[in-house]
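Structure first, then comments.
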Amino acid sequence: MNWLIVDEIIRNALIEDMPHGDITTEYILPLDTSCTIDIIQKEDGVICGVEVFKRVYKVMGDEATVEFLVSDGEYSKAGRKIGSISGCSKAILSGERVALNLLQRMSGIATLTRKYVEAAKGYDARILDTRKTTPGLRILEKHATKMGGATNHRFNLSDGVMIKDNHIKAAGSITNAVETIRENMPFVRKIEVETESLDDVREALESGADIIMLDNMGREKIMEAVDIIQKNALIEVSGNVKLENIQELASTGVDYISVGKLTHSYKSLDISMKNLMYTR
């Protein structure tokens, strides 16, 4: 991960949480008090955000030592102590919410992603994330999907060419859109085209698209599209993807299945900091 970007995310979160300091902690605790506190996992799931959690305390610049007993991508059970923090009591308590918020959300995304990846096991289709991320947190959320076992799709609009329905309308046709892109971009870049019908699929294939996205198509239509494409382009399925139909979609022979739910419909994993003990 790009830690310069991550550190900026953390700084903004800390400013948001204590713009004028943590008045509760500052009024209760002497500055020289030290303690240890446990990090407890309260429900089953995939842990993600370990280094980000540690980074919160580094960005704060206070003396706090964070040790984890798990690594990113590791599945762990509820009730387990997954780590501990020791050091300045004020720093530990002031950074608690930001550190936990990031750890819980990243772990929630990784946990949901793992469910999709497991559901598609036995087939060649790989699970992709999307750009349907929380503004400003994409780097963290995409790391979480990767730790859950997914493959990252493009991180931003500068990352790759994807010709969607509105681009096609603006260009007049799929063929015009692909030809215009080919004329203006380096030859090493791949072109992906979103299709909504089998006629779109044929046109995208004939225009030389490298990746053809089948948007909101049912299983039978997907099978027809796979037969038309004949491995002359990579195939991505998108739209109306859920755990209940992921295996059905994966069985069609497509290469990728993109899932927006990974980063817009996840549930944060319940993790807390408990058992504070003063050491000085």
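Here the structure is a predicted model, which means the values were calculated and not measured.
Residues satisfying the salt bridge (Lys or Arg N to Asp or Glu O under 4.0 Å) test with R154, not counting sequence neighbours, are none. Partners of E8 by side-chain contact (heavy atoms from CB on, under 4.5 Å), not counting sequence neighbours, listed by chain and number: R11, N12. For Y278, the side-chain contact (heavy atoms from CB on, under 4.5 Å) criterion is met by L29, T33, C35, S89, L276, not counting sequence neighbours.
At most 12 non-hydrogen atoms from other residues, nucleotides or ligands lie less than 6.0 angstrom from CZ of R126. Within a 6.0 Å radius of NZ in K132, other residues, nucleotides and ligands contribute 12 heavy atoms or fewer. The neighbour count for E220 CD, taken as heavy atoms of other residues, nucleotides or ligands under 6.0 Å away, does not exceed 12. Taking a 6.0 Å sphere around CD of E26, one finds it holds more than 12 heavy atoms contributed by other residues, nucleotides or ligands. Heavy-atom contacts from other residues, nucleotides or ligands closer than 6.0 Å to CG of D124 number 12 or fewer.
Across all non-hydrogen atoms, the minimal contact from F155 to R131 is O-CG, 4.3 Å. Taking all atoms of both residues into account, the shortest heavy-atom contact from C48 to H143 is SG-CD2, 3.7 Å. Scanning both residues, A204 and I174, for their nearest heavy atoms gives CA-CG2, 3.8 Å. The shortest heavy-atom contact between I257 and V254 is CG1-CG2, 4.1 Å. Residues M60 and A91 share a closest heavy-atom pair of CE-O, 3.6 Å. Contact detail for A144 and M106: the closest heavy-atom pair is CB-O, 3.3 Å.
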#### Entry: Verdict with supporting geometry, E141 and T134, side-chain hydrogen bond (donor to acceptor under 3.5 Å, both in side chains)
CA-CA 8 Å; E141 295 183 347; T134 307; 2.7 Å; yes
### Task
Take T175 and E203, measure what side-chain hydrogen bond (donor to acceptor under 3.5 Å, both in side chains) needs, and give me the verdict at the end.
CA-CA 7 Å; T175 302; E203 186 178 357; 2.9 Å; yes
### Query
Do R219 and S251 pass the side-chain hydrogen bond (donor to acceptor under 3.5 Å, both in side chains) test, and can you show the C-alpha distance, the side-chain angles, and the key distance before you say yes or no?
CA-CA 9 Å; R219 188 177 189 277; S251 69; 3.2 Å; yes
### Verdict with supporting geometry, I109 and D129, side-chain contact (heavy atoms from CB on, under 4.5 Å)
CA-CA 10 Å; I109 291 169; D129 55 25; over 6 Å; no
### Task
Could you please spell out the steps behind the side-chain contact (heavy atoms from CB on, under 4.5 Å) verdict for H153 and Y256?
CA-CA 10 Å; H153 205 301; Y256 300 102; over 6 Å; no
#### Entry: Full working for side-chain contact (heavy atoms from CB on, under 4.5 Å) between Q247 and Y123
CA-CA 8 Å; Q247 192 171 56; Y123 300 99; 3.6 Å; yes
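Expressed to the nearest 0.5 Å, how far CE of M217 lies from OG of S238 amounts to 11.0 Å. Interatomic distance, E196 CD to I168 CD1, rounded to the nearest 0.5 Å: 7.0 Å.
Proximity of a side-chain donor or acceptor of T111 to a complementary backbone N or O of V46 within less than 3.5 Å is detected. E194 places a side-chain N or O within donor-acceptor distance of the main-chain N or O of D165, the cut-off being under 3.5 Å. For the pair D215 (side chain) and T195 (backbone), a donor-acceptor distance under 3.5 Å is absent. A side-chain donor-acceptor contact under 3.5 Å links Q41 to the backbone of S76. Formation of a donor-acceptor pair under 3.5 Å by the D17 side chain with backbone atoms of A13 is not found in this model. Under a 3.5 Å cut-off, the side chain of R182 and the backbone N or O of G208 do form a donor-acceptor pair. Judged purely by atom type and a 3.5 angstrom limit, D72 uses its side chain to pair as donor or acceptor with the backbone of V50.
Between K115 and E118, no side-chain nitrogen of the basic residue sits less than 4.0 Å from a carboxylate oxygen of the acidic one, so the salt-bridge criterion is not met. Using a 4.0 Å cut-off between charged nitrogen and carboxylate oxygen, K164 and D200 do not count as a salt-bridge pair.
Residue pairs meeting the salt bridge (charged side-chain N to carboxylate O under 4.0 Å, His left out) criterion with at least one member in residues 40-56, sequence neighbours excluded, are D7-R55, E43-K267, D44-K77, E51-K54. For residues 62-107, every residue pair satisfying the ring pair (Phe, Tyr, Trp, His ring centres under 6.0 Å) rule, not counting sequence neighbours, is listed here: F53-F68.
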List the atom pairs, donor and acceptor, that lie under 3.5 Å between side-chain atoms in residues 81-88 and the rest of the protein, sequence neighbours left out.
residue, atom, partner, partner atom, Å
K81, NZ, D38, OD1, 3.3

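Residue T145 forms a side-chain hydrogen bond (donor to acceptor under 3.5 Å, both in side chains) with just one option from N152, T130, T263, T113, and that option is N152.
I47 and V6 fall within the same hydrophobic cluster, defined by Ile, Leu, Val, Met, Phe, Trp and Tyr side-chain heavy atoms under 4.5 Å apart, directly or through other members.
For the pair M223 and V226, the minimum side-chain heavy-atom distance is 4.5 Å or more.
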